[in-house]
Enquirer: 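Here you go, one structure.
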Protein chains: 2
Amino acid sequence: MTEAASRPTLEAVAARAGVSRATVSRVVNGGDGVREPVAERVRQAVAELGYVPNQAARSLVTRRHDAVAVVIAEPETRVFADPFFALQLRGISKELTAHDNQLVLLLTEGRDDHARVARYLAGGHVDGALVFSLHLDDPLPGLIHDAGVPTVFGGRPGWGDDGRTADATPSSGHDPGVVYVDCDNRGGARAAVRHLVDLGRTRVAHLTGALDQTSAVDRLDGYRDVMAEVPGASDPRLVVESDFTPGGGERAMRELLGRCPDVDAVFAANDLTALGALRVLRASGRRVPEDVAVIGFDDMLPVAMETDPPLTTVRQDIEEMGRLMARLLLRGLAGGRDRTAAAEQPPAAGGVILPTTLIRRASA
Amino acid sequence: MTEAASRPTLEAVAARAGVSRATVSRVVNGGDGVREPVAERVRQAVAELGYVPNQAARSLVTRRHDAVAVVIAEPETRVFADPFFALQLRGISKELTAHDNQLVLLLTEGRDDHARVARYLAGGHVDGALVFSLHLDDPLPGLIHDAGVPTVFGGRPGWGDDGRTADATPSSGHDPGVVYVDCDNRGGARAAVRHLVDLGRTRVAHLTGALDQTSAVDRLDGYRDVMAEVPGASDPRLVVESDFTPGGGERAMRELLGRCPDVDAVFAANDLTALGALRVLRASGRRVPEDVAVIGFDDMLPVAMETDPPLTTVRQDIEEMGRLMARLLLRGLAGGRDRTAAAEQPPAAGGVILPTTLIRRASA
DNA sequence: CTGAAAGCGCTAACAG
DNA sequence: CTGTTAGCGCTTTCAG
């Protein structure tokens, strides 16, 4: 019952099996080069004693931890307001678990926390980090880079975009070899807008996301790509800045209706924004999709399926993004194990863009 | 730049400051009993070398990790469908961070994972665990108990309720000294139903949550408490089993309307269920609250505020629950440090119930 | 194929 | 107050 007293050590197992510690260690770690009968005896002892290796001792010598940090930086309170991160976390967790790695969650609550996170990462507690860099001006990427921890970003990091830089610290030079996973925001947006155009809509508007996030910028770019192709379609008044929230969607839609009462299609930066827009549209007496067609982005089932009418939207596989991030990091880590002097180099370098699909429902 | 080569050790700092390792250790850990000038010199050296203590080495000797596991067991995919866990996590993270503890997230994906989690916990990687035990028949609580790790549960564990037991393994005897944090589900439900009764409603129905979770059972009990007090109010047909989801709410509401077309008030087990009910009610041509008053539970802002009409609901402070769980665990851990032979005893023993408040909006 | 020995970096008595 | 001395439990050469 309460044998929690003190867990058995390698020594104990060795004694019981009548072998040396080294042999037990070998068996426990894959058992290469140990004759079967001996190995069996060791396994026996391990089972009987309920031996579990002490990670601290192991890490001390191997300098590995089989642990990965997941950093979610979000000043705003609404971080988890949508299931987005939760889904990514699931994906990450699955992949990590499959490779016997632990997930250490680091939530940041504003600037002060950045130092803490940087210190933790620099402290070498984990083998690598998965970072969700949400805002263009976030200093975190720079700090993490300085910490020298192999990292994979979730979503294209914002710096280097247009001359913008996270900060001016000399040491935070952003190397080009950044690894990140993102979905094809621009392509998805293009598909959505093109669909709207193909529907014969001539006044296609866009309610943007928070433009300090690359996903919002990329979706806006995708919208512009298509609008530029259609003669006479572009009209700056058709673009209203919003913030990825339902409330923001309402405000933006109201604004849009004021500016362009003749709008006949709306591409919202995400489903939540579309939700808000839908409400305002309904309140204004417009029918969807007859009078105004609406398309969202993300395909968050609980939202998209439940709107009235059900939302046509651009689907991205969020859980898969998480899984992929973890896979890339782990792969890089495995590669780095062949300590090529400059060990711990980043995973693979480059971005991986996952495809998106247009899901047609009733709203467009 | 790339000084990631190999981090400086205590030894290095000691050499640089011209003192012994022990002294550096003292300064790094609070610096008691070190003369100021010396301490200053050490801090200097630490800063110059960018020294960060090696946790593995420290844990090896202190047998502490300053890390806590958060176990979220959820077979269903919809774990994160609602912001519930996310909020608790935030609360936990904040409290843990304030006490310099790390959060190791363990997500389980079905029965196979239980063994993994149990092994991890038993492996002594963390100082304690915060466990969300969602289902009455979950074997996890038993396994965790066996692992002998100080634990605080989120939500009242289901076993011991009514003779039900998690499993029959002899070693999984559920000690009564379980520590958990929950909100006053029963009291909150009572307040809601009483409010409905006070409004003059005579046919008050209840759409339950998933009854394999104690929160759902407790809310049902609260409903019954009040109904039993009102002569002639009880009617078994007024209770329809549902599952905490919008879809379930819809189904249940339809069922209810079929059974009791004269229903004039509905207490839904949570906001999501209420959301579904609202939709069916509207579709059936009933006005809310004129014809049927509706009350939810949770006060998930993104849901409750956005329904039509805005939802009257029972609020619980989810983030605070998380924070409290962490605080209780940490306190217990601190207490256990005075190794009273049977060290590592559970935190405080007993449940802490957080209050709920009825938030009146337009739906009732 | 197996054992002996040497630490990994740190803390914790115990001296001085 | 500060330094010395032992390990914590494990992996890993290096012999045998």
Side-chain angles (χ1 to χ4, degrees), chain A residues 5-43 45-46 49-67 100 122-125 127 337-339 343, chain B residues 5-43 45-46 49-67 100 122-125 127 337-339 343:
Chain A
S6 81
R7 276 152 351 83
T9 90
L10 251 201
E11 185 83 52
V13 179
R16 175 152 197 134
V19 297
S20 73
R21 270 152 51 207
T23 300
V24 178
S25 177
R26 290 185 186 108
V27 174
V28 171
N29 299 295
D32 292 332
V34 176
R35 227 168 330 202
E36 191 41 47
V38 182
E40 185 49 35
R41 210 148 24 98
V42 173
R43 279 190 224 100
V46 166
L49 264 36
Y51 169 75
V52 184
N54 179 321
Q55 271 301 336
R58 180 185 298 206
S59 293
L60 185 54
V61 34
T62 60
R63 285 145 176 307
R64 286 181 42 228
H65 306 263
D66 295 315
D100 264 305
H125 300 285
D127 301 325
R337 299 247 194 281
D338 330 301
R339 312 245 176 71
Chain B
S6 83
R7 273 151 355 80
T9 90
L10 251 201
E11 187 83 51
V13 180
R16 176 152 196 132
V19 297
S20 74
R21 270 156 45 209
T23 299
V24 179
S25 177
R26 288 185 188 109
V27 174
V28 171
N29 299 295
D32 293 331
V34 176
R35 226 169 331 198
E36 191 41 46
V38 181
E40 184 49 35
R41 211 151 22 105
V42 173
R43 279 188 225 102
V46 166
L49 264 38
Y51 168 75
V52 184
N54 179 321
Q55 271 299 337
R58 182 186 297 208
S59 293
L60 184 54
V61 35
T62 61
R63 286 147 174 308
R64 287 179 44 227
H65 306 263
D66 296 315
D100 265 307
H125 300 286
D127 302 325
R337 299 243 193 284
D338 330 301
R339 312 245 175 70

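Letters A, B, ... mirror the listed sequences (proteins, then strands); counts begin at 1.
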Enquirer: Nearest to the B:Arg35 side chain among D:dC10, D:dT2, C:dC10, which nucleotide is it?
Expert: D:dT2

Enquirer: Find the distance A:Glu11:CD to C:dG3:P and express it as a whole number of Å.
Expert: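 Roughly 13 Å, once rounded to whole Å.
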
Enquirer: Check the distance between D:dC10's C1' and B:His125's NE2 and give it to me in whole angstrom.
Expert: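 Spelled out: NE2 on B:His125 to C1' on D:dC10 is 14 Å.
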
Enquirer: Tabulate protein N/O versus nucleotide N/O from nucleotides 14-16 of chain C, keeping only pairs under 3.5 Å, one per line.
Expert:
none

Enquirer: Could you go through the side chain to side chain contact (heavy atoms under 4.5 Å, CB included) check for B:Val24 and B:Val19 one step at a time?
Expert: CA-CA 7 Å; B:Val24 179; B:Val19 297; 3.7 Å; yes

Enquirer: When the distance from CG of B:Leu60 to P of D:dT11 is rounded to whole Å, what number comes out?
Expert: 12 Å

Enquirer: Please give, in whole Å, the distance from D:dG9 C1' to A:Arg64 CZ?
Expert: 17 Å

Enquirer: If the helix axis at each end comes from five base pairs, how far does the helix from C:dC1-D:dG16 to C:dG16-D:dC1 deviate from straight, to 10°?
Expert: 30°

Enquirer: Within this structure, what is the NE2-to-C1' distance between A:His65 and D:dC10, rounded to whole angstrom?
Expert: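 Whole-Å distance recorded here is 14 Å.
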
Enquirer: So if I take every side-chain heavy atom of A:Val61 and compare against C:dG7, D:dT2, C:dT2, which nucleotide ends up nearest?
Expert: C:dG7

Enquirer: Using a cut-off of strictly less than 4.0 Å, decide whether B:Asn54 has a side-chain nitrogen or oxygen near OP1 or OP2 of C:dC8.
Expert: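 So the side chain of B:Asn54 is outside the cut-off, no N or O lying under 4.0 Å from OP1 or OP2 of C:dC8.
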
Enquirer: What's the closest nucleotide to the side chain of A:Arg58 if the choices are C:dA12, D:dT2, D:dC10?
Expert: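 When the side chain of A:Arg58 is considered, D:dC10 is the closest of C:dA12, D:dT2, D:dC10.
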
Enquirer: For A:Arg21 and C:dC1, what is the distance between atoms CZ and P respectively, to the nearest whole Å?
Expert: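 The distance from CZ of A:Arg21 to P of C:dC1 comes to 23 Å, rounded to the nearest Å.
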
Enquirer: Let me know the distance between CZ of B:Arg63 and P of C:dG9, rounded to the nearest Å.
Expert: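 Nearest whole value for this atom pair: 20 Å.
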
Enquirer: Tell me: CG of B:Leu10 to P of D:dA6, nearest whole Å?
Expert: 19 Å

